[in-house]
Every structure is written in C-alpha cells, then in structure tokens.
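Sequence lines set the chain letters: A, B, ... in the order given, protein chains first and strands last, and positions in each chain run from 1.
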Amino acid sequence: MAHTQTPTADVATDIDDVARLVTPEGERISDPDLDRWVEDADTSLLQSLYRDMVLVRRVDTEGVALQRQGQLGLWAPCQGQEAAQVGTARAFRSDDFVFPSYREIGVNFVRGAKPADFVLAWRGEEHSTYNPYDINTATPQIIIGAQALHAVGYAMGIQRDGTDQVAAAYFGDGASSQGDVNEAMVFASSFRSPVVFVCTNNQWAISEPVTVQAKFPIAGRAPGFGIPSMRVDGNDALACLAAMRWALDNARRGNGPAFIEAVTYRMGPHTTSDDPTRYRDKDEVERWRRRDPIARIEALLRAEGAFDEGFQSDVAAAADALGAGVRAAALEATSRAPIGVFDHVYAEPHSGLEEQRGWFGAYLEGFSTEEVAR
Amino acid sequence: MAHTQTPTADVATDIDDVARLVTPEGERISDPDLDRWVEDADTSLLQSLYRDMVLVRRVDTEGVALQRQGQLGLWAPCQGQEAAQVGTARAFRSDDFVFPSYREIGVNFVRGAKPADFVLAWRGEEHSTYNPYDINTATPQIIIGAQALHAVGYAMGIQRDGTDQVAAAYFGDGASSQGDVNEAMVFASSFRSPVVFVCTNNQWAISEPVTVQAKFPIAGRAPGFGIPSMRVDGNDALACLAAMRWALDNARRGNGPAFIEAVTYRMGPHTTSDDPTRYRDKDEVERWRRRDPIARIEALLRAEGAFDEGFQSDVAAAADALGAGVRAAALEATSRAPIGVFDHVYAEPHSGLEEQRGWFGAYLEGFSTEEVAR
Amino acid sequence: MTQLTMAKAINEGLRRAMADDPKVLLMGEDIGKLGGVFRITDGLLDQFGAQRVIDTPLAEAGIMGTAVGLAFRGYRPVVEIQFDGFVYPAFDQIVCQVAKLHYRTRGNVTMPITIRIPWAGGVGAAEHHSESPEAYFVHTSGLRVVAVSNPQDAYVMLRQAIASNDPVVYFEPKRLYHSKGEVDLDADLADAPPMGLARVAREGSDVTLLTYGAQVTTALDAATAAEDEGVSIEVIDLRSISPVDYRTVTASVRKTGRVVVTHEAAREAGVGAELIASVTERCFNHLEAAPVRVTGHDIPYPPAKLEKHHLPDLDRILDAVDRVLDRPNSLTGVEL
Amino acid sequence: MTQLTMAKAINEGLRRAMADDPKVLLMGEDIGKLGGVFRITDGLLDQFGAQRVIDTPLAEAGIMGTAVGLAFRGYRPVVEIQFDGFVYPAFDQIVCQVAKLHYRTRGNVTMPITIRIPWAGGVGAAEHHSESPEAYFVHTSGLRVVAVSNPQDAYVMLRQAIASNDPVVYFEPKRLYHSKGEVDLDADLADAPPMGLARVAREGSDVTLLTYGAQVTTALDAATAAEDEGVSIEVIDLRSISPVDYRTVTASVRKTGRVVVTHEAAREAGVGAELIASVTERCFNHLEAAPVRVTGHDIPYPPAKLEKHHLPDLDRILDAVDRVLDRPNSLTGVEL
Ligand SMILES: Cc1ncc(C[n+]2csc(CCOP(=O)(O)OP(=O)(O)O)c2C)c(N)n1
Ligand SMILES: Cc1ncc(C[n+]2csc(CCOP(=O)(O)OP(=O)(O)O)c2C)c(N)n1
Ligand SMILES: [Mg+2]
Ligand SMILES: [Mg+2]
C-alpha cells in the first residue's frame, strides 16, 4: 500500500454513487459487479420481490394504524426500506442465521415471521415472540449495534462446525458509530468469519442526518478492516438481492466477511413517537418518494408487460389477508398472568428468585382475597 | 468512489512498507511525503534526537533495574520504541496536549516529566505524580484505548476556544481493536477536530502478534473514517518527527484529524512480569535489534562526522545524571499516611466520605494507642 | 414562582446554567434540532448554537469519553443519555475515567460532568427503556448521584449538579416529566438547600418511608391512604442517593422506629439494601421491627403490559407498612 | 486428592470441562500461547487447539458480544477477562444481552456463558488491577455470581458454572492463586455441593462472620485470633453471592445473634449491604446488635503502597467483632 493514505472523496451524501440494476424510473440497467448475481432474474423473480415488498408495506401500514388506535405502544416504520430489507433477505438460505434490528420488518417477513411476531412486542405483551431457532433469526435488537458482534460470534460457531452457513447482522447508519460495530469488523476480519454486515443507511438516526456519523461513505470503512464492501442502491430490490448474493457467496466460499451499505431512506418518522418535521425538509422526503422501491419494480414489471390485473389482485388479496392477520394478532392478544413476570429469568432453579416468586404469589393471593372480602 | 471496495493488499506484517528518511543502516534517504517537513534537519537536530533517545533508554534501563531490585512493583519497558516516541513528541508545541499510554516514557520525557514522574506510579506510591497542566500531558492511561476519546474531546475544546493547539493520543496496535479508538475516529472525523492519533504498532499486544488485531495495515483504517493517515518507520526518529509535523500542521490549519501508524518493535517483555520466550522467537527479536533506532541515528551521525567524543561523553553524562535522578526518586520515595487514602476522591465536601474518613481516623488512632499499650 | 412541568423545569435549568457559565456544554444524541426525544433541550440549540449544544454520533462511550476530554480542557459537559438502558456502553468511561480522574491526578484535574439520565419505568416503553441503573453508580466511588422528584428540585438540583466540580449522575424520572409544580426560576443557588440534603416530604410518626424519584409520588399516595387507616407515615425524599443525608434519615427513624424503603430498581444489592444496612447500623436500638424493602423484582424489566406487576405500587407499599407495624400482611406466617 | 494451587485447580477445571463437552470454548486476551497472564489456561491451547482456545482481539465488548453469538449457536463460551478492572467495556453486552436474552426469548435461547474474572486486591498491582466489581453483577438480574476461596471449590464450582445453562460470573481471587489445597480431581459433579450452597468454614457461637473469596482466609485468621480472646466466631464462606444461600446464613445468625460482614469492595450499595438488609429482615428478632460491615472504603482503589489501609484486615475485622459484642472498639462513643 501507499504509505500515505488520504480518504476517498466526500460523497457520504451522494445518494446516486451506488451500484444499481434498476433505475428510479424502473429501467433495467447493467452493473459489472452485480450482473452475474442475478442472471436468473426473470419476471417471476421480479414479481415475487414486488409481492414481498407490498406485503411488508402492508404490515408496516397496519402497524402504524394499530399504534394510532392505541393497540400498540410504539411502532418503528420501515416504509421506504422495503427493497433494502426484502432484497437482501431473499438471498439467504433458510439455515443462515440473521441478527436484525428493531426496524427489519421486511427481513423478518422473508425469514418467516408470523403476523403476531410483528406486533406483540410493540404491544408490550412480550419482549419477543418467535423462537429464534424456528426462523433462524434472532430477536430484533434494540441496543444499537450490539447484534453485529452476535452475528460474528455465531459465524465463529459456524466455522467450528464446518458448515457453509452464513450469519448476518443488520444495523443502521447511526449504528456504524458504535464501538460494537467496529469491534465486530475487527473480529470478523481477524477470524475471517462467514458473516455479512448490512448497514441500512436510511440517511437518518432519529433526528441526526448521516453526516453526523460519517462525512465519507460508510461502505468505505470496511476495506480498512480488510473487509470487502459494496455500496448499493437500497431502493433497488434487485441490486440488493445481487449484492447480498455476492456477499453470501463470498462468505460461503470461506473468504470471510463482507459489508453492504444499502443507501435508502426512512420515509416515515423514526417511530410513531417521533416528529420528523422538527428536523427535516419535506422536499427531501418528496425527492425520495420519487425513488420509491415498490413503484420502481412496478414500473419495470409494467414495461415488461408483467403487471396485469390478475397479478395485482393476487398481491392485493395476499396483502389484505396479511394485514388482517396482523390486526387480529394485536386485537386478540392477551397478557401473561401477573406472576408470569418471573418466568424465564433463569434456565435453572434459582433459590433467590423462587423465594421472591413465592412472596409475590402470596401477595397476589392475599390481595385477591382482600378484594373479595371488601 | 467505486461502489465496490476491496481491501488494500495484506501487508500488515510487511515492516518495510513504511515511509522512511533514514535506513536501518543509517543512510539518509528521501521520501516525497516527508522531506518537506524536515528541511531544518541539520546535525544539531539529529544530535538532539539521538540524545533524547539515549536518555529515554537510560530511564527505561533504570526502571527495569529498579523493578528487579524490588524498588518498583512493575515496569513497562519502551526499549526499541524510542524513535517512535521521541521523534513524534518532539514535533509538539508545549501548548499542545498529549494523552499517552503507560508505555510512553519517551513522550513524557520530551514533554518535561521529572525523574520521579517515571517511577512513583510503578512503585505504587501514587496513581500519578505530575500535574497534567504543568506539562500539558495527561496521566498515562492504563485502560486500553480510552485516552483516544479524551484527546478528541480535548480537541473539541480547542475548537471552541478558537486556538491553534492540537491534542494527540498515543496507543498501541492492540488498542486499535477497542471500540473507544474507533469511536474516537468517528467523533474526530465528524467534528473535524484538531487531533492526531499515534498508533505505535510494536508488533505485539502482550503475547498476541499484531495479526490477531489486524490482517491489514492499521494505518489503512483511518481513511475509511475520512482521516488521512501515514505508515511510518517507527524506528526512524527523523521520519517520525516529519510525519508528526505533517499531522500537527494538518490539524493546526483546521483540516482536522490525522493518523500515524509507527511501525516499530517492543524489544523487551510486555512488562517486567511478562515472559516473552513463551510466545515469540528470539530470531524475530534479533532481526529487530539490527534496526535499533538509536544505532541508526548514531550511524548517520558518524557518517556525517558528528559523533565525536565530546558529544558522546556529554550525552553519557546527561544519561548518567538522569539515571541517578530516577534511581534517587525511587529510593527516596515515601508513602502517604494511611488516612491519605481518602484524599482527592471528591473536589468538594462529601458528607459520606468525611464520615468514613472520621471512622477510619478513629480506628487508626485507637490502633496506635493499643499498640503503645501492649 | 411559575407553574412548570418537570421537563420544562429541567429545560430551564439547562438554559440558566448555560447562560451563567460559557463553559457549560450539552452533548448527546438528538439534543439539537429535535430538542431530545423528551424535548428537554428544546430551544437550546437556537439560543446557544451548535458549539454548545452538540448532536453527537451515536456512541455513548464516545460521548462520555469526549466529555472527559472536554473536562480536561476546562469545560463542564452536561451529557444526555437518551434512555436509562443506553448508559451501559459508557460504563467503562464513567467508572474508570469520570469517577477516578480526580483521585488519579491527586486533585489536579476535575471532572465537572453532569450525566443526565431519563430514568425508570411506568411509561409503557419497549425493552431497555425503563431501567433503574442507579445502584451501579451509587456503588461507584467518585461519583455523586441524585434523583429528582418534582420540578423545583429538578431545576435547582440540575444547576447545582452542573455547578459542582464533581461528576454527578442526575436521574430524571420519565413518568414525572409531564407533572407540574411551582418553580422559582430566580432561585439563588446560595440560598437553596444543598444538593446532598434529604427532604421530609410528609411528616408522620409511625413509619418512615424512604424513597426517591418518581416513587416519592407513590409514597405520598400511600401515606395519604394509610392516614385513612390511622397510620401516620413520614415520607422522606432522599434527593441525593449518594451520599445519603443520614442526619435527616436517622432523625426520622429514631422517631418512628419503623422503616420501609421503596424503589423501582431490583432489590438485590440495590439502594434499598444500602439504606437498610445503614439505618440498621445507625438506629438499631430504635428499631421496633425489621426494615422492609418494596422494590422491583430481581428480574429483567418485564414487557410493558406487565410492568404494573413489577413496579412497587401503593398497595405493595401499604402491605410493607403493615409488615413493619406487625399487622396482618402478605408475608404473615411466611418464614424468611 | 491432589495438592494443587488455586491457579492449577482452575486450569484443571477448564481442562476437564473441555474434555467433557466439545461445545466448551475458551476466549480471551493472551490465553493461548501465553496461557493467560496468570497462566490459568496453560497447556490448554496445546491440548485443545486454536479452535477451542481463542486468543481474541483486544476488545472486551467484542469478546463478550461474540460469546453471545457463540451461545446462540449452541456453544458454551468461557470468557477470561484479563483483570477485574477491564470488565467494564463488556458491561453493556453483559447487562443488556448475556443477562437478559433468556428472559427476552422466553427461554428459547440459553446463555451458558461463564465469565472468569481474576479479581480483587492485595497483590501490589497498578491501577485498575485490583477492582472488586462483584456488586454490579449481583445487582444485575439474570446473572449468577460466585466467588471461590479455595482450590477444591475453584475446581468444582468452575465446572458447575460451565455446566450451568445460566450465565455465571466466576470471581477468582488473585491473591489466592498460589495458595494450595487438596483437590479431588475425580469429583463427580452430581455428588458435589451445589454451586449455590454456602459453607460453614469454621463453626462458632458468638458472632457470625459472612464473607467470600480471598476474605475467607482473612476471616478465618480473625476467628483464630478471636479465639485467643475467648470469642467464638462462625465463619461462613458464601461461595455463591447471587443467589445467597440464606438458609445457611440465617441458621448461623439465629444461633449467634451477631453479624459481621466483610468484603474488599466499596461499602456503599455493596454485597455487604444486601447481606445485612436481608439478614436483618430475616432474623431481626434474633439480632443482639446491629450488623456491621468491614469493607473497602468508598474510594477508588488506592495506589499499591496504600492498599493495606484500604483492604479490611484481621484487625479491622476484630474491631468490628468487638463492636457487635458491645465491647470497646474504635467507634465507641462515636455517633453514627
Ligand atoms: C445503545 C443505544 N443508544 C441509543 C439508542 C436510542 N436509539 C434508538 S434508535 C436510534 C437511532 C438509530 O439510527 P440508525 O442506526 O441509523 O437506525 P435507524 O433507526 O435509522 O433504522 C437511537 C439513537 C439505542 N436504542 N441504543
Ligand atoms: C481495557 C483493557 N483491557 C485489557 C488490558 C490489559 N492489557 C494491558 S496492556 C495490553 C496489551 C496492549 O497492547 P498494545 O495496545 O499493542 O500496547 P503495547 O502494550 O504493545 O504498548 C493488555 C491486553 C487493559 N489494560 N485494558
Ligand atoms: Mg438510520
Ligand atoms: Mg503493541
């Protein structure tokens, strides 16, 4: 290497400096790095990407609505990020293991999450619902960046087991500042572990624009750690699929970690508690609306004559069914019994906690007796 | 930037892939990046670098000896790293502020540390001796990497004060793995703060070779964060001086942080408690002995006819005086009175601690009375 | 006197401290344009500019470590941790640096850092957003720890914390952010009760109820309810939980002879343990009954729908009051 | 039975656990060729290879976070933290992940991680190398915390910790590493006393002295000295400090009526506070005197030459024994 290194150009905010296969207008273009990974991309693949994204958006819309109606405590919308989530996640094998953050609705959908899995945690019934081993996907992580290390550790386990599975971590542009994410790159590089880091650069970490975290492209960091990276159009589902296939293949073949920065946009508020009008321009949001990931594939499908009414109504029906399922899961939820707060703290008997459980049980009992007595 | 980035070549262990001004044989050579920073490098500058390094080595030798004699609890030798320490530190202005690690004996010497400052902490008399503001140098840091953030914060303070000072942090190759060091790069880049990171890559973190931390050059990481970096021969005092002048100038002119990787070698054990024969080859140590930073400048001075007896005996006398001073400081040390453990916990009166101090005072008193009584 | 919410009182405290001393800086995530996720720093970016209200990268160790550097340079950083559960990445910098640097440097370097932590539960939040980590800091020598319970204290004690040359962890109960109270915005710090002083929030003669933060409200409710049953509870709002004002506490316990402590945090090695151990040590001969704790269970904070079964409420406090009074209670007949 | 140092006993415990279960892995800094800075992992790299004895990059959060991932994958990582004072960068992963994942996943994911921490003072070390952080972990719901005091316990309890499906923080007193004792290397875990059980290290009738780790030795010395003065001290080695075996503890206190607790860690909200609060709650009517703590002061760990004035020694313990016996002591006449 040259002894003196100067940073690459300051293009952190150049959202068009990305690898891409479908233009915002829906035109299919070629990319030298990506083409070979989507040679199988026929109409039916594009239709299924479209379908998944529409369904994910429906889950998201339903989540926002349920929150507004007081059925959920909070919701972290993923609108705008469907391509980054669905596109990358569709590249996994089912036996790969994924460590998502709280916003990866689309990833979890592709992994096989059930309707209840999207809402019960936000409703406050459980911290998580699905068994991670059922869908090979960890509980969504709230502590920013922590899961990047978990994915590396899981990948170290894969290495020891000698299989060709891959672990992956999803995190945001904000998370890229956390020590954990950087240490994850150090460990992954040191052990050459089969892990893929997907950084969803949606331009915002709550109210902070990505330029607070990075004046230079986040994808430019990984190579310094010895990790090849790709900066991809996160609103182009096909490009995301291709990039992830590249990264997974690289890992599966024993070449170690890879890093993908998916450049996209958080169309909604950070969560339903957030008020983005305090910190960002409507214009910016409108500019990104014209890059909508679903509209983009729709345009391509239309151009290819593969967006007929039959397809549309199939997708709409599936979306309606899924939306109804999510709604029902929220409305039909029941809470654990009070004493249930003590469940699953430890895997093995614990004298201290059993005693406390007993005390609280006695309290609850006495309380109900008292209630009755009054 | 290119959308796909692959890492630079794997030269983590190529110790000759560095910027250099004096060869291991003592030949003065040219480097396009460094030359302009040492145009003033005449014989007297070289002599003074030599002198400082010899004095630092004497402190180090004395420290090891004192530890062997039971006068110090521990010592972390810097032998082999004198050029990296003295060369870089000589570039500072006295009003710059330095955050060293425990091994920066040479840096602290250049900053103006007194003999006692090298030994009293290792003797266990105090956690630190000098007032940081007297020599604009923080207490040596033991928590690996923590000081990198302190330097950035200090630099943020400089920015707010509008002066052209610079802050600097020294840390090792091992430290480069810590979250704190990476977060420091994120903050420094985000705020474009006047801070210089000096990573002393001495090839080892206790028993772990640098390849556990990094398969690729550590200097290659900074540019990904938007920080220009330089990989320099850490056994070449002149090159270290030049590189540091470049970095300081860059920061002083408002261009923000810079990163220097000084490629050098820890000739001794990690500390006097360590036994490096358990984990590294004698051959490696011997190879590095032929790159000794002091011998190198000596060879250059000899070639220039500037290494006469007068100079040699001046340096030897100064070294002897310093060594004697260090020894005396250790031998003459006295410990604080027992009750002194309570000093300086808080800056302001603290009811809880004052009470405890009182209790312990009463205890000590009763104890001495009792002793007398017996 | 002005009627303010606690959130606004803290906002005014920050404003005043910044106006009084140009070395005071705010640092944190989303504290600039957004004004923080709780709007505590609302308007301060506009008033004091981006050099003094610093939106930082998303890294708590980074925030705390750079605050240390700024303190080295003579600044007085006020750090906002966005939620209680996100302070842990900064724990190393707090424990090893913030708390120890004054000692390490033999008093040459001060660490006048205020760490503001929106704190504790009862607001129906997601995991990691309802933590009560105060005992970790109370156990850390070199820190001071305060917890406020009303707008006036919030305003004055924040200014005192910022003015202190020691590092102060300042806990703000989230569930009281919108509660209102009278605040004297012109309060002179010199006249105000020192930050370390406890306050008798309600006088009583039968039982001493020790608490802090949002639990003060619950404790006062319990005291009111107990009055109906003829039990007189003295409620002490500790305000400072490290150090604790044992003069006020022991005076009360010597009077009542019976002690209940309540906090949301887990019981094991919590602040309540310290209070009971200290009170027992200091007032053993005055105690008529074993002091009792009413705390969160020793479990991770449960999902929001279950938090009411975790947080000590009025009924659980009254049950404990019955216990120290040796009246029938949930543990009657239970062997401990 | 074999005579082993505690260091060697731990080494053998690791060896045995690794031999018994291929899912057991070691992770840490310098644990490979060097065998750890205390040589605890000596020979294990040679025996089990680099896939199972992993020298990690220098980053404690990284070590703990990757251990979590390995646990997700079904492994049982045994993590070595090089010194007590370096556990804090891993605190976030421990508190928010290791301790909570079983609860978060409703029992679907277990975290059988053992965190080994060379621990506490008395060895003349530099700053950050003599810390007693155990209370932080005791206060953290979801963890188990043990502290060993002799080679036999070190060997057996380490194997129990590794075999446990819960995360266990395992404290190894550095100053006992070279102390020797009999170890039954063939001990069957099924026959061994459970990890959670306390041990009466010495029987006595006048005062109960509660402690753990290296302080057990000091406590036993104090008991011997007291015997000369006609005072009979019962020393209880807690072994597990979370949960605490209160059956054993209360049985002793009900017998003696007098309690002294000693540990090296700071006093405020330390394990001693919990012990006294719990003992008072459980045995109030049996107590003849206020329980007393003998602990490190509430100061950062002092420089090595001063540590003897910080660590509770035999004399300070005996002074406290005098106090609970209402005999003249250093605090006679002092108002608390
Ligand atoms: C350790 C930690 N610090 C702070 C937070 C609060 N927080 C939640 S989301 C968020 C912003 C995350 O931004 P980014 O990583 O870009 O992900 P995005 O929300 O955009 O998907 C913050 C600061 C947290 N959850 N964890
Ligand atoms: C947070 C932390 N973890 C572990 C240690 C123990 N430790 C002290 S020095 C050292 C190796 C440091 O290596 P490097 O950064 O290369 O510096 P060098 O010693 O080579 O100068 C380690 C692991 C520590 N001091 N702090
Ligand atoms: Mg984002
Ligand atoms: Mg090194």
Side-chain angles (χ1 to χ4, degrees), chain B residues 97 99 121 126-134 138-139 141-143 145-162 165 167 169 178-180 182-191 193 195 336 341-356, chain C residues 22-23 25 27 51-52 54-75 77 89 92-93 95-97 99-112 141-144 163-167 194-197 240 242-247 278:
Chain B
F97 204 98
F99 291 83
E126 300 292 346
H127 288 320
S128 77
T129 47
Y130 58 87
N131 178 339
Y133 298 112
D134 285 345
T139 300
Q141 182 61 248
I142 289 178
I143 300 295
Q147 73 276 21
L149 284 166
H150 305 169
V152 176
Y154 193 95
M156 289 166 66
I158 292 173
Q159 289 176 291
R160 276 153 188 79
D161 296 341
Q165 293 157 276
Q178 285 282 11
D180 278 11
N182 291 282
E183 293 186 7
M185 290 201 273
V186 170
F187 276 65
S189 172
S190 181
F191 297 125
S193 303
V195 61
R336 271 193 256 175
V341 296
F342 287 97
D343 292 349
H344 304 304
V345 179
Y346 294 94
E348 295 180 7
H350 185 285
S351 61
L353 205 64
E354 271 151 38
E355 192 179 30
Q356 270 187 34
Chain C
K23 293 291 183 191
L25 300 177
M27 309 174 70
Q51 289 297 302
R52 297 187 63 198
I54 309 173
D55 260 343
T56 65
L58 207 179
E60 288 78 10
I63 299 172
M64 203 60 65
T66 52
V68 168
L70 280 156
F72 255 101
R73 178 77 190 181
Y75 283 88
D92 177 57
Q93 286 284 347
V95 169
C96 297
Q97 310 297 335
K100 291 190 170 76
L101 264 160
H102 190 260
Y103 194 68
R104 179 180 308 149
T105 62
R106 309 161 79 208
N108 284 306
V109 178
T110 54
M111 284 288 127
S141 307
L143 302 176
R144 293 174 189 266
S164 168
N165 283 324
D166 290 318
M195 193 170 68
L197 231 57
S240 171
S242 180
V244 165
D245 170 11
Y246 280 112
R247 212 180 296 218
S278 285

key: Any donor-acceptor pair under 3.5 Å from Tyr154(B) side chain to Thr66(C) backbone   = no
inquiry  = Checking Thr129(B) now: which residues fulfil side-chain hydrogen bond (donor to acceptor under 3.5 Å, both in side chains) with it, not counting sequence neighbours?
reply    = Asp117(B)
query = Among Ile158(B), Val152(B), Val186(B), which has the most heavy-atom pairs under 4.5 Å with chain C?
reply = Ile158(B)
ask   = chain C heavy atoms under 4.5 Å from Gln147(B): which part of the residue, side chain, backbone, both or neither?
value = neither
key: Under 4.5 Å from any heavy atom of chain C - which part of Val341(B)   = both
ask   = If we only count heavy atoms from C-beta on, is the Thr139(B) to Val109(C) side-chain gap below 4.5 Å?
value = no
inquiry  = Under a 4.5 Å cutoff for heavy-atom pairs, which residue among Pro167(C), Ser240(C), Ser164(C) has the most contacts with chain B?
reply    = Ser164(C)
key: Pairwise salt bridge (charged side-chain N to carboxylate O under 4.0 Å, His left out) hits with a residue in residues 146-159 of chain B, at least two apart   = none
request  = Against chain C, work out which of Asp343(B), Leu353(B), Asp134(B), Asn182(B) has the most heavy-atom pairs shorter than 4.5 Å and name it.
outcome  = Asp343(B)
query = Can you tell me if Arg160(B) uses its side chain to pair, donor with acceptor, with the backbone of Gln51(C) under 3.5 Å?
reply = yes
Region of Glu348(B) that comes under 4.5 Å of a non-hydrogen atom in chain C = both
Atom group of Ser190(B) that falls short of 4.5 Å from chain C, counting heavy atoms = side chain
ask   = Side chain, backbone, both or neither: which part of Tyr346(B) has a non-hydrogen atom closer than 4.5 Å to chain C?
value = both
ask   = If you tally heavy-atom pairs under 4.5 Å against chain C, which of Gly157(B), Ala151(B), Pro132(B), Gly352(B) wins?
value = Gly157(B)
message = What I'd like to find out is whether the side chain of Tyr130(B) reaches to under 4.5 Å of the side chain of Asn108(C), using heavy atoms alone.
response = no
query = To the nearest 0.5 Å, how far apart are CD in Gln93(C) and CD in Glu183(B)?
reply = 9.0 Å
ask   = Quick one: what part of Gln356(B) sits under 4.5 Å from any heavy atom of chain C, side chain, backbone, both or neither?
value = neither
message = Using only atom types and a distance under 3.5 Å, with no angle test, would you say the side chain of His344(B) pairs donor to acceptor with the backbone of His102(C)?
response = no
